[in-house]
Q: 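Handing you a structure now.
Indexing begins at 1, ligand by ligand and atom by atom, following the structure's order.
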Amino acid sequence: AILQSSTYGKDNVKFLKVKKDPLNPKVHEVMEATVKVLLVGDFDVAYTKADNAPIVPTDTVKNTILVEAKKFDVFPIEGFVAHLGLHFINKYSHVSGVDIEIFQHRWTKYPVNGKIHDHSFLKDGEELRTASLKYKRSGEFVLKSGIKDLTVLKSTGSMFYGFNQCDYTTLKPTTDRILSTDVDSVWEWDSKKLGSLQNVISQARAGLFDSAYKSARETTLSLFALENSASVQATMYNMCEEILRLVPLVSTVSYSLPNKHYFLIDLSWKGLENDNELFYPSPHPNGLIKCTVGRE
Ligand SMILES: O=c1[nH]c(=O)c2nn[nH]c2[nH]1
C-alpha cells in the first residue's frame with residue numbers, strides 16, 4: 001500500500017475576543033469565531049511507521065490559534081487567517097502547506113433609549129461571515145471570503161415558468177411564488193493582484209475585506225428583494241455580476257442556494273380560494289442551485 005495524501009490539525013477551535021476602543025475602553029467590539037487549521041507536510045512516517053517525531057500535535061495547533069488570537073488583531077478574519085498561514089509555514093520547516101477556515105458568528109450591537117449600546121450585542125441569526133486560506137510554502141495561496149446560513153424569504157416577486165415540459169413534469173408554471181433560501185456565497189480573491197499574504201494583512205488593515213463583505217451582503221439582500229426573480233439561477237447570476245462589478249480584486253463569485261419550497265395549500269374542497277395566502281413550508285426535498293461567475 002502507498003500513502004496517497006494526508007492532512008491533519010484541529011477543527012472547531014472557538015474563541016470570543018473583546019476589542020476595546022483605545023479612546024473609550026467601555027466601547028467594545030466582539031468577535032466570536034470557530035477556526036479550523038489543517039497542516040500538510042512531511043508527516044508520512046506517522047501514518048506508515050507509527051513514528052510521531054514530525055507530528056506537531058493538534059493540541060499545539062489549537063494552542064497556537066488561541067495565543068495568536070490574543071497577540072494579533074483578529075479583525076477582519078481575512079487578516080487573521082493570513083497571519084496564521086504565515087505562522088505555520090515560517091515556524092515548521094517540514095510543513096509545506098496549511099488549509100485554514102474561519103467562521104465569524106454574528107453579535108450585533110443594539111440601541112438602548114435610541115443610542116447604540118457600547119458593549120451589548122444580540123445574536124441576529126445563525127448567519128456566518130467566512131474566510132478560507134489554502135497557502136503553500138511556494139508562496140501561492142487561495143483566499144476566499146463568504147457569507148453562509150443567511151436565511152431569507154420573499155412572499156412574492158418570484159416566478160418560475162417557461163421551463164422544459166416532459167411526461168415526468170407536474171410542476172405548474174407560476175408568476176407569483178414564495179422564494180426562500182439559505183444564502184451560501186463565496187468570493188475568491190485574485191491572489192496575483194493581492195500579491196502576498198503580507199499584503200493581505202495590510203489590505204485587511206485598510207478595510208478591503210470589510211468593504212467587500214458589506215458590498216456582497218448588501219447586493220445579496222437588495223437584489224433578492226428588488227428583482228422580480230425569473231428563477232434562482234437568474235437571480236444568483238445577477239448577484240455575482242454585481243459583486244464582480246463592485247469589487248475589482250475579486251476573481252470569481254459563487255452561490256450555492258437551496259430552494260426551500262412553500263407550496264400553496266389547496267382549500268378548494270372547502271370552497272375557499274387560496275389566493276397566495278396560505279402555504280405549506282416544505283423544505284425537503286429542496287432545489288439546490290449552484291453557479292460560479294468570473295470575469296471575461
Ligand atoms: O428557481 C427555480 N429553479 C429551478 O431550477 C427550479 N426547478 N423547480 N423549481 C425551480 N425554481
Q: What pairs meet the side chain to side chain donor-acceptor pair (under 3.5 Å) rule with one or both residues in residues 281-296, with sequence neighbours excluded?
A: S254-T292, S256-K290
Q: Can you sort out the partners of K10 under salt bridge (Lys or Arg N to Asp or Glu O under 4.0 Å), two or more places apart, ordered by chain and number?
A: none
Q: Please check if the number of heavy atoms outside Y168 that lie under 6.0 Å from its OH is greater than 12.
A: no
Q: Identify, with sequence neighbours excluded, every residue that meets side-chain contact (heavy atoms from CB on, under 4.5 Å) alongside T156.
A: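 Listed in chain order: D176.
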Q: Write down, by chain and number, every protein residue that brings a non-hydrogen atom to less than 4.0 Å from an atom of ligand 1.
A: F160, L171, R177, S231, V232, Q233, N259, I289
Q: I'd like to know if the side chain of E242 pairs up with that of T219 as donor and acceptor (distance under 3.5 Å, no hydrogens or angles considered).
A: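 T219 and E242 do not have a side-chain donor-acceptor pair below 3.5 Å.
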Q: For K214, look at atom NZ and say whether over 12 heavy atoms of other residues, nucleotides or ligands are found less than 6.0 Å away.
A: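 No, because the 6.0 Å sphere around NZ of K214 holds 12 heavy atoms or fewer from other groups.
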